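The structure presented is a predicted model; accordingly, all values stated were derived computationally and were not measured. Residue numbers begin at 1 in each chain, while the letters A, B, ... track the order of the sequences.
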Amino acid sequence: MRTACHPVSDRLASLCETHLIPHTALLELTWRCALNCLHCYIPAGHRRKSLRQASELTSAQWCDALDQLADLGTLYLILSGGEIGLRQDLTDIVRHARERDFDVTLYTSGTSMDDRTIDALGRLEVARVEISVYGRPKPHDAITGNAGSFQKSFRTAKRFAAAGVQVVLKCTLMERTFGEYPSLIELAKEHGFSYQLDPILVPRDDGDPTPLDYRLDDDGMSAVFKDVSARVSTEIRSLEELSGASPECAAGKTFLSIGPDGTVYPCIEWRTELGNISERPLRDIWFHSEEAGRIHSLRARDYVVCRSCELLAWCPRCTGMAFREGDVLGKAAESCRLAALNRRFHRLVTPHAKHAVLC
Amino acid sequence: MTAVRYRHAGRLAQRKIAGTLFIVDPRHACLHQPHGSGETIWEMVRSGNTIPEMVEALCDDYDVEPARAEKDIRRFLRELRRKKLIEEIPR
Ligand code: SF4
């Protein structure tokens, strides 16, 4: 029996690339959320909708989607929001996912889940929960716009850990969290949690660029790169390993996303609509829709600017970011910035499901 | 005496992708990939088969002697137990 200690082994990745199998799917169960995070990519209008207004898939429809994903070959499942804790049927959906043998990761703010739900999710043996925490209580609450949210999130993190679930604290790097991330790292270490620092901010889904106002400038980002490099041993890839890097992206090829109403996207950043699973079977959308076919046929040579870029080996190029900047095949300004920093500090920011992560 | 039966550890995820079985152990962020008869044994564990039943199936499928099949099965089950991928079902 062969064993590889990396979440997606080369063998799995190459089989999925050859056969166009989405090994990972991110399901946005809802866009509703009680928080009001400054940098959120979901427009406030979507977050504030009532359940009745939100036209979300029902439990039965999500379970059917899970069956279709399993049949397609999807192994890794990420359940995200909005705030997934607002779905009363979250446990039922996760139970079905585990019965269909998915590896389940939850993304949550941790502010809307009661103890009973958390304990049930622990018993269902979800693989991990990633909880957004932006630093110490006051600054955190200022970012979420919700007094007391830190305490709720952190309590949820501890409850998940007690239920046997691996906890990852996630912090988006912004001007506002620049002074906070060291305490977050200490907090994670103290409680045996993992942590991720996410340097990517994107415009909201409706094009509103407000989140970009909160970006950490180059000096701040450089300080984090230097500091975090010193704190943790993470992937610092050798030049040999980096050679042959490609501007191609997993989105729409070995990764897909499904929105709350059943719309299928290449990923949550790249909001090109491939079809809707309430109208058409997922397999049909994935293999026969015009848009999916166009994405499947993309090759490195199609990325004319990036394929010959001297920064390519250091670039966490995100096609979703390029999409939001107007040209999926073009360069993405934020990727370019991170690539330059990567080269400067000789460390690789690894693209990871939704966002790049630093550890 | 009742024969021993095993089951897959509850935390695992698994999928057959393009004909290849992948097993994820989230506790160690490891991906396991059993081959050939290993995959057959893995499936028979899921079905609750005993070792004698596995021996019979392997002899049919792979044209091997029962003694050899039993040795291979026991060795593979030991490996799975060592990696905590299976557990004995309490009788
Ligand atoms: S640095 Fe910019 S231009 Fe170069 S590969 Fe990355 S996104 Fe493309």
So what's closer than 4.5 Å to chain A heavy atoms on B/L21: side chain, backbone, both or neither?
neither
Side chain, backbone, both or neither: which part of B/L80 has an atom under 4.5 Å from a heavy atom of chain A?
side chain
Go through the atoms of A/T18 and report whether side chain, backbone, both or neither lie under 4.5 Å from a heavy atom of chain B.
neither
Using non-hydrogen atoms only, which part of A/A97 is less than 4.5 Å away from chain B: side chain, backbone, both, or neither?
neither
Treating A/R128 as the side-chain partner and B/R27 as the backbone partner, does any N or O pair qualify as donor plus acceptor under 3.5 Å?
no
Sidechain-backbone polar pair: B/R15 side chain, A/Y76 backbone, donor-acceptor under 3.5 Å
no
Could you tell me which of A/R100, A/H19, A/R98 has the largest number of non-hydrogen atom pairs under 4.5 Å with chain B?
A/R98
I'd like to know which of A/I21, A/L75, A/D103 tops the heavy-atom pair count under 4.5 Å against chain B.
A/L75
Measuring from A/H23:NE2 to B/I17:CD1, what's the distance to the nearest 0.5 Å?
8.0 Å
Per-residue contacts, residues 61-69 of chain B versus chain A, heavy atoms under 4.5 Å
none
Sort by residue number and list every member of residues 35-58 of chain B having a non-hydrogen atom under 4.5 Å from chain A.
B/H35, B/R46
Which heavy-atom pair separates B/F22 from A/S9 by the least distance, and what is that distance?
CE2-OG, 4.3 Å
